[in-house]
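Just dropping this structure here.
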Amino acid sequence: RGPRSLDGLSVLVSAGPTYEDIDPVRFIGNRSSGRMGFAVAAAAVQAGARVRLVAGPVALATPAGVERIDVRSARQMRDAVVASAADSDIFISAAAVGDYRPQAVSPAKLKKSGKALALELVQNPDILAELAAQAAHPFLVGFAAETNDLEHYAREKLERKGLDLIAANRVGEELGFECSENALLLLWPGGREELGMAEKGVLAKALIERVATLHAAARGK
Ligand code: C5P
């Protein structure tokens, strides 16, 4: 077969939710099937890349040719991503990372007390923002799930987090999460592309082609 768009490149993908433990049987998590990130990892393999996938707790088979690292919490995901980022050309952050975790994990199962229960939450590290702040970092692709003002919030996120590309999707009303179809709005400094409602595999392929084009242009500078 002929040359492919990501030949010779190393791509790191994060996918799925993170679970933040409350006690041995309970956790706080995000709604995320991991399907978009797994589809992106598969599409990157198809495009010729060496692909590592850092996956939160999901019930999905590993795409062929992908090296998978399973994690549970946001901090474990951060450690795995940071460890792999140094030798990755591109990082695509499709994970729905938990923004907060319980300040302490109870070693024993919490009991009902008949009264209200207050959980103290502390903020998790922002993995993408941390990588963006490093002097040398991979080409950074983020996702933005928004219920309203999609383009406005996604463009703001692209700039604030210092990303090279953001894939925005509308959520709520049965959209985006835990389903096989989606629509994406791709935004990058100075450009945009709308990807209409399609299977996540189709969207992933189009996203990877845009990433390859922008990455090649950035490298040529
Ligand atoms: O700010 P927000 O969570 O909406 O940004 C979403 C993007 O940032 C996604 O690409 C997500 O994977 C990434 N993210 C992260 N670390 C966090 C929260 C989000 O890398 N703690």
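Computed from heavy atoms alone, side chains included, the values below leave out hydrogens, waters and symmetry copies. In each ligand, atom 1 is the first atom listed, and ligand 1 is the first ligand listed.
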For E209, is there any backbone N or O sitting under 3.5 Å from a side-chain donor or acceptor partner on S5? no
Measure from every N or O atom of ligand 1 to the protein's N or O atoms and keep only the pairs below 3.5 Å, writing each with atom names and distance to 0.1 Å.
from	atom 1	to	atom 2	distance (Å)
ligand 1	1 (O)	K161	NZ	3.0
ligand 1	4 (O)	K157	NZ	2.4
ligand 1	5 (O)	K161	NZ	3.0
ligand 1	8 (O)	K161	NZ	3.1
ligand 1	10 (O)	S93	O	2.7
ligand 1	10 (O)	F143	N	2.8
ligand 1	10 (O)	F143	O	3.4
ligand 1	12 (O)	S93	O	3.2
ligand 1	12 (O)	S93	OG	2.6
ligand 1	12 (O)	A95	O	2.8
ligand 1	16 (N)	I127	N	3.0
ligand 1	20 (O)	I127	N	3.4
ligand 1	20 (O)	L128	N	3.0
ligand 1	21 (N)	P125	O	2.8

Could you list the residues that satisfy side chain to side chain donor-acceptor pair (under 3.5 Å) with E199, not counting sequence neighbours? none
Using the test ring-ring contact (aromatic ring centres under 6.0 Å, His included), find all partners of H137 that sit at least two apart in sequence or belong to another chain. none
Counting only pairs under 3.5 Å, give me each side-chain donor-acceptor contact of residues 185-192, with atom names and distances, residues two or more places apart or in other chains.
from	atom 1	to	atom 2	distance (Å)
R192	NE	E151	OE2	2.9
R192	NH1	E194	OE2	3.1
R192	NH2	E151	OE1	2.8
R192	NH2	E194	OE2	3.2

Should we say atom NZ of K161 is surrounded by more than 12 heavy atoms from elsewhere, each under 6.0 Å from it? yes
Check: D164 side chain, L140 main-chain N or O, donor-acceptor pair, under 3.5 Å: yes
